[in-house]
Structures are given as structure tokens and as C-alpha cells.
Q: 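Quick one: this structure, given as C-alpha cells, is what I'll be asking you about.
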Amino acid sequence: MHRRILAPGALAAASLLLAVPASAAGHSPGAPGIGDPYYPYYGNGGYDVSHYDLRLQYQPATDELSGTATILARTTQDLSSFDLDFLLDVSEVRVNGAKAAFTTSGQHELVVTPASPLDKGTPVTVVVRYSGVPSTKSAYGFSTWHRTPDGAVAADEPESAWWWYPSNDHPLDKATYDVSVAVPDGTQVVSNGLLQSSSSQRGWTRYNWRQNKPQATYLTTLAVGRFDITRSTSEGGVPVVNAYSRDLGDNDGAARASVERTGELVDWLSGYFGPYPFSSAGGYVPNTTTGYALETQSRVYYSPRQFANGSNTSVVVHELAHQWYGDDVSLKGWKDIWLNEGFARYAQWLWSEHEGEGTTQELADYVYASHPADDPFWTVRPGDPGPDDQFDIAVYDRGALAVQALRNAVGDDAFFTILKGWPKEHAYGNASVADFEQYAEKVSGKSLSALFDTWLFEPTKPVTPAATALRAAATPVQPKSWKKIEATNDVH
């Protein structure tokens, strides 16, 4: 995970130097950022993507990646040029069949100038041919491309696409995907959605994956390596595909004992959040050294370290809850991260209650009492934490406290109606914290602005917990589930 504010100066200056052809009078360059104040140059302006078709080849021995990305989009303004977020080496770009000029700008921008300007509302097909060694590329001092002993993994938040395909890299621009990757025989490819087909020719095997529901760019994943792949169907009818690196060592058993319960947990969560929103579910555990897990859509990424102390279904519950809260309904801006993390953490509390290891109220009481009023924990505002604190533990734990406070304020009937109705209300779209507050007020019939302000936006410890039935015990009693939940503090 990366928390930073990007300096706009160099990129803005470079963008201003782009020449606009005379024929483009009235047309202007698309913005080099989609407008998110946390990450000013993530995403791009001027167009909206509907589909990515990625046809790639990858050699694990050398980390060489090459191929072609075909991007289907529609312009949202009169464009003379537009940006894509990308780091690898580009050899050719075509826009609607004609070769386009291209250059790089800033640390992760590919600037494309079509042969002819594009009018607002124009369907656009962009073809980018490229190659490179992803592990040699970095931006802002980091990389999200993870080498493994037998391949590589792309999985990170809030960005990871730049290292393997050009994109409009912000959750506001969701799209469907076809990901086709050829690798040497004996190596496998795991991605989002369902495997459509695979075929071998001349020592290479090509895997064709499809995600048929809108997906944010950071939720796309690519894993190349040698895996043991299991397939099943949940009692509710959801296809489940899991993959485990063949060299997980001592973590192998605990990983399987956790992730193989995906189907059961998807069905259980459906009781709270409504029907599972995607064509498949599952997860994969590659042999990486990272410590986090990530809710990559329909195919969750887990680090082996999540299972170093034994099985942990709580982390699986967290990431699967994101399939509704974060993946199906994605945030409008990165400041809305509470909609992802507060509810995924609360799902862990619900699982604790289900397992008889501590009720949601007991967990809320424990969290509240564990942090004195002068604890910096209370200075983080889950409703708008800032990029440096976007993944602070307060977004998770204080975020879940806010969910429990909402439950206590509106009552269980309204609360569980909200919990299940929200993913349906904004299915496959984007929403903000303000949208959620409005929806909760509509369902409950209560004014909730003071509650949301207290628990999500005030940088102090609420002083009236009795109003929401949160009690401050002198010596808080630690629920049995707490250690398992605490062990997931590094997940997304």
C-alpha cells in the first residue's frame, strides 16, 4: 500500500508543452489526472473506458513482458490528446486504426496525440503495443510488481496496473476485461473472473481469462507461476477457483484450510449483503514476501504471511466482504475508503459473533475502551483520513465502530436492510460516504448527520458512548476473536 500526495509541478509543466495541432482548434488535451485530491495524477480526463483487451506474453525466467492492449472508450470532451497511466516501453499506438504520436510525461504518464482530434462523444479504439521488464520500473520510489521464485504477481492498492498494462487508473473508470497471457509450458496464469480457455503451441500455453462485470483498475490482478488449482461450487451456486503456489512450504496447510472455505463464506456473507455480484469467487496464495492481502475482484490475493500462525478465516471474510463493499460498489474518491475498510472489518466482527468468539457489541466496546482520549487513533478521521492515513488502523477499527454506532442508532431491522440494500442501490458503480449517509437516512427515516460527523469526521474520541450503547470498561475484556482480527491489520 502506498500513501502519498503527488507533486503536480513537473507533470503540469510537461503537459503545457504539448503542441496542439492547428486542426484541433477548440479541442484540448485531456487532464493528466481524473481529479482525485489524494492522488492528483492518478487516472486521466477526457474519456471513459468500457473494456480492456490484453493479449500478452510473459517469460518468468527473465521477467520480460510484451504484448498488445486494446482499449475501448468514449470521449467525454473534445480531445486533442489524452493520457494513459503506464510505465513499460511503447513501440506503437493507434487510435481508431491510425498511428498516433506518443510521448511520456511525469513519472507514469503516456501522452497520446491522435492523427486527428476527437470530438466529444466519439467511440475510440486505442491499440498500444509494448514490452519491458516490469521489475526494472518504478514510480515515486516504489514498485507494485512482485517477483516470485517461479513468476510474478501484480497486486497492490491504490495502483498496480501501470506495471503491466496502460489504463485510466482510478476506480471511477471501471471496465470489463479480457486478459490473455502466454507463458512457457508448465507455468500457469491466474487472473480475475473465469478462465475461458487455454491452449498450448510450440512450448507456450495461453490462458484466456474474462471479467464480465465492471472492475476498477487496481482490482485487476495477474499471477504467473506454478500453482495447484482447485475448483468447486458453493451451495449457493457460485463457482470457486483457488490457486496455491507449489512452494508455500509450512504455510501451505493453513492457507488451504482458510481459503478453501471461500464458498462457504461467500454464501454466509450473501445472507448479509445480498446475492454474490460476480461470475466466480476465489483466491490465490503465491510465494511472495509481502505481508498484505488485497480484494482483487473475484480472485483475492493473499500473502503466505497471512497464514504463518495457522489458519485464519477472518482474513478471508474481510477480503470477501470487499467483493460487495469496494468491488461491486467502488469508491468515488480515495477519501471514501471507509466504505471499503469499515464494512470489511465489520464483516469480521459479524463472523466473530457467528463463531461464538465475541459479539459485534463486545468488539466495539473493546476497541472503544482500548484507546484513551489522547490516543492518536482518534485524530484519524475515517470519513476523510488523508492519503498518509488512508490505510491507518483507525480507518478499519474506528470505521467499524461507526458501523456499530449506526446499527445501534437505527435498530437491527433498518441496519440489516441498509447493509443488504446498499450493494444493490449502487451495483457495479461508484459511491461516496455522503451517498451512504443519504441512503441510510432514507432507509431508516432518521437524521444521521450528527452520528456520521461524530464517528467519521471529528478528530476526537466521542464522549457520549452511552448514546450509541458503546461502553467504556475500566479494564476492557478482550474477545476471543481479537487476535485473529488483529492479525489482519496489514490487509486491505
Q: Scan Tyr396, Trp349, Phe436, Tyr272 and name whichever one has a ring-ring contact (aromatic ring centres under 6.0 Å, His included) with Phe343.
A: Phe436

Q: We want to know whether Thr360 and Arg407 form a side-chain donor-acceptor pair, criterion being a heavy-atom distance below 3.5 angstrom.
A: yes

Q: With sequence neighbours excluded, what pairs up with Thr262 under the side chain to side chain donor-acceptor pair (under 3.5 Å) test?
A: none

Q: Under the criterion salt bridge (charged side-chain N to carboxylate O under 4.0 Å, His left out), which of Asp173, Asp435, Asp36 is the partner of Lys332?
A: Asp435

Q: Strictly by modelled atom types, are Tyr301 and Thr290 linked by a side-chain donor-acceptor pair under 3.5 Å?
A: yes

Q: Cation-pi check for Phe273 against Lys424: NZ or CZ below 6.0 Å from the six-membered ring centre and within 45 degrees of the axis, yes or no?
A: no

Q: Does the side chain of Asp384 pick up a donor-acceptor pair with the side chain of Tyr38 at under 3.5 Å?
A: yes

Q: Using modelled atom types only, decide if a donor and an acceptor are shared between the side chain of Asn192 and the backbone of Thr221 within a distance under 3.5 Å.
A: yes

Q: Please report the C-alpha distance between Lys484 and Glu357 in whole Å, then the side-chain angles of each, then the deciding distance to 0.1 Å, and finally whether the salt bridge (Lys or Arg N to Asp or Glu O under 4.0 Å) criterion is met.
A: CA-CA 10 Å; Lys484 296 176 185 177; Glu357 297 182 344; 3.2 Å; yes

Q: Yes or no on side-chain hydrogen bond (donor to acceptor under 3.5 Å, both in side chains) for Thr313 and Trp351, after CA distance, side-chain angles and deciding distance?
A: CA-CA 9 Å; Thr313 51; Trp351 179 246; 3.0 Å; yes

Q: Is it true that, when you exclude Gln438 itself, more than 12 heavy atoms of the residues, nucleotides or ligands shown sit nearer than 6.0 Å to its CD?
A: no

Q: Any side-chain to backbone donor/acceptor pair from Gln297 onto Pro214? Under 3.5 Å, distance only.
A: yes

Q: Is there a side-chain hydrogen bond (donor to acceptor under 3.5 Å, both in side chains) between Asn212 and Thr176 once you walk through the steps?
A: CA-CA 5 Å; Asn212 65 352; Thr176 55; over 6 Å; no

Q: Is there a donor in the side chain of Tyr165 and an acceptor in the side chain of Thr220, or the other way round, less than 3.5 Å apart?
A: yes

Q: Please state whether the rings of Tyr39 and Tyr42 are parallel, tilted or perpendicular, taking 30° and 60° as the class boundaries.
A: parallel

Q: If you apply the rule side-chain hydrogen bond (donor to acceptor under 3.5 Å, both in side chains), what do you find for Tyr302 with Asn312, and how did you get there?
A: CA-CA 11 Å; Tyr302 298 99; Asn312 190 347; over 6 Å; no

Q: Evaluate whether atom CG of Asp413 has more than 12 neighbouring non-hydrogen atoms of other residues, nucleotides or ligands under 6.0 angstrom away.
A: no

Q: Applying side-chain contact (heavy atoms from CB on, under 4.5 Å), name anything that partners Lys120, two or more places apart in sequence or on another chain.
A: Asp78

Q: Do side-chain atoms of Thr122 reach the backbone of Leu118 as a donor and acceptor pair under 3.5 angstrom?
A: no

Q: Given the rule in the salt bridge (Lys or Arg N to Asp or Glu O under 4.0 Å) test, do Arg398 and Glu341 qualify, once you have shown the distances and angles that lead to the verdict?
A: CA-CA 10 Å; Arg398 185 178 175 183; Glu341 303 303 347; over 6 Å; no

Q: Is Asp48 salt-bridged to Arg74, going by a charged N under 4.0 Å from an acidic O?
A: no

Q: Between the side chain of Gln107 and the main-chain N/O of Tyr140, is any donor-acceptor distance below 3.5 Å?
A: yes

Q: Verify the distance criterion only: is there a donor paired with an acceptor across the side chains of Thr217 and Asp169 at less than 3.5 Å?
A: yes

Q: With sequence neighbours excluded, what pairs up with Phe415 under the ring pair (Phe, Tyr, Trp, His ring centres under 6.0 Å) test?
A: Tyr346

Q: Is there a donor-acceptor pair closer than 3.5 Å between any side-chain N or O of Tyr368 and the backbone N or O of Pro462?
A: yes

Q: Between Arg256 and Tyr244, is NZ or CZ placed under 6.0 angstrom from the six-membered ring centre and within 45° of the ring axis?
A: yes

Q: Keeping Asn242 on the side-chain end and Gly282 on the backbone end, is there a donor-acceptor pair under 3.5 Å?
A: no

Q: Just one of Thr144, Val179, Leu87 clears the side-chain contact (heavy atoms from CB on, under 4.5 Å) bar with Trp164, so which one?
A: Val179

Q: Checking side-chain polar atoms at under 3.5 Å, does Glu264 have a donor or acceptor matched by the opposite partner on Ser234?
A: no

Q: Tell me whether Glu425 is salt-bridged to Lys442, with the criterion being a basic N under 4.0 Å from an acidic carboxylate O.
A: yes

Q: Heavy-atom count check: over 12 atoms from other residues, nucleotides or ligands less than 6.0 Å from Asp119 CG?
A: yes

Q: If only side-chain N and O atoms count, and only distance matters, is there a donor-acceptor pair under 3.5 Å linking His108 with Asp85?
A: yes

Q: Just checking, is any N or O donor in the side chain of Gln404 or Gln361 under 3.5 Å from an acceptor N or O on the other one?
A: yes

